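Scroll down for the structure; my scribbles are underneath it.
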Amino acid sequence: MEVHLNFEHGEGRLSPLPLRELALFVLAHQGLPPHTEVSVTFVTDERMAELNEEFRGIAGATDVLSFECDGTPGSEPGGAAYLLGDVVIAPDVAACQAQEFSTGFAEEVSLLLVHGLLHLCGHDHQEENEAQGMEDLEGDILGTWAQQRQ
């Protein structure tokens, strides 16, 4: 599995975090094939607002967006890379949310990364039961991740 990290903004705060390792953990947890690739990009609030407006028709920055690629695991001939998609995170929004929810910056970014990756894996939260299920899954993944890091 391959995780491509792109720091357009916030690299100083983000580079010490085990983002690649967490992403690989989530992908493995979700049973994705070894030739899976995903990109994670960290952007300014302004760039996130542009993306949110362009792709969701919603004004203003959001915390995380996920963009799926087409295809299904294993459908590529010859074991070519399975391009799962792209996760885009606004670290400044994450910092504000961390303050608002009394969590740490690392915890908030980790949650957003897991959330975005789960969207790429087909999880959603449009319905109430889906939202609770996705929230529970995020908690399980982050809890297991934290235990393994101790």
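Hydrogens, waters and symmetry mates play no part in the numbers below; they use all other heavy atoms, side chains included. Note that the coordinates shown come from a computational prediction; the quantities given were computed from them, not determined experimentally.
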Subject >> Nearest non-hydrogen partners of Cys121 and Leu84, listed with the distance >> reply: SG-CD2, 4.4 Å
Subject >> Heavy-atom side-chain proximity of Cys69 to Tyr82 below 4.5 angstrom >> reply: no
Original post:
According to the salt bridge (charged side-chain N to carboxylate O under 4.0 Å, His left out) rule, which pairs have a member within residues 29-50, sequence neighbours left out?
Top reply: Arg47-Glu50
Original post:
Quick one: does His29's side chain get under 4.5 Å of Leu137's, heavy atoms only?
Top reply: yes
**OP:** Of all the heavy-atom pairs spanning Val43 and His9, show the shortest one and how long it is.
**Re:** C-CB, 3.6 Å
Atom pairs and distances, donor-acceptor, side-chain atoms in residues 142-150, under 3.5 Å, two or more places apart:
residue: Thr144; atom: OG1; partner: Asp140; partner atom: O; Å: 2.9

Donor-acceptor list for residues 53-62 side chains, cut-off 3.5 Å, not counting sequence neighbours:
residue: Arg56; atom: NH1; partner: Asn52; partner atom: OD1; Å: 2.9

Would you list the atom pairs, donor with acceptor, under 3.5 Å between side chains in residues 10-25 and any protein atom, with sequence neighbours excluded?
residue: Arg13; atom: NH2; partner: Asp92; partner atom: OD1; Å: 2.6
residue: Ser15; atom: OG; partner: Glu11; partner atom: O; Å: 3.0
residue: Arg20; atom: NE; partner: Val3; partner atom: O; Å: 3.2
residue: Arg20; atom: NH2; partner: Val3; partner atom: O; Å: 3.1

Run the side-chain donor-acceptor check on residues 109-119: report pairs under 3.5 Å with partners two or more places apart or on a different chain.
residue: Ser110; atom: OG; partner: Ala106; partner atom: O; Å: 2.8
residue: His115; atom: ND1; partner: Glu138; partner atom: OE2; Å: 2.4
residue: His115; atom: NE2; partner: His119; partner atom: NE2; Å: 3.1
residue: His115; atom: NE2; partner: His125; partner atom: NE2; Å: 3.2
residue: His119; atom: ND1; partner: His123; partner atom: O; Å: 3.0
residue: His119; atom: NE2; partner: His125; partner atom: NE2; Å: 3.0

Subject >> Linked, directly or transitively: Val38 and Phe7 (ILVMFWY side chains, under 4.5 Å) >> reply: yes
Original post:
Which atoms form the tightest heavy-atom contact between Met1 and Leu32, and what is the distance?
Top reply: CE-O, 3.2 Å
Original post:
When rounded to the nearest 0.5 angstrom, what is the spacing between OG in Ser102 and CD in Glu107?
Top reply: 11.5 Å
Original post:
Got Asp86 and Thr41 here, is their nearest side-chain heavy-atom distance under 4.5 Å?
Top reply: no
Original post:
Phe101: which other cluster members, linking ILVMFWY side chains closer than 4.5 Å, directly or transitively?
Top reply: none
Original post:
So if you build clusters from Ile, Leu, Val, Met, Phe, Trp, Tyr with side-chain heavy-atom gaps below 4.5 Å, do Val87 and Phe42 land together?
Top reply: yes
Original post:
Which is it for Met48 and Leu65 under the side-chain contact (heavy atoms from CB on, under 4.5 Å) test, yes or no, and what are the steps along the way?
Top reply: CA-CA 8 Å; Met48 184 61 94; Leu65 291 172; 3.5 Å; yes
Original post:
Run the side-chain contact (heavy atoms from CB on, under 4.5 Å) check on Leu120 and Gln30 step by step: do they pass?
Top reply: CA-CA 10 Å; Leu120 295 181; Gln30 292 298 292; over 6 Å; no
Original post:
CD of Glu8 to CD1 of Ile89: how many Å apart, nearest 0.5 Å?
Top reply: 12.5 Å
Original post:
Looking only at heavy atoms, what is the nearest atom pair of Phe105 and Pro91, with distance?
Top reply: CE1-O, 3.4 Å
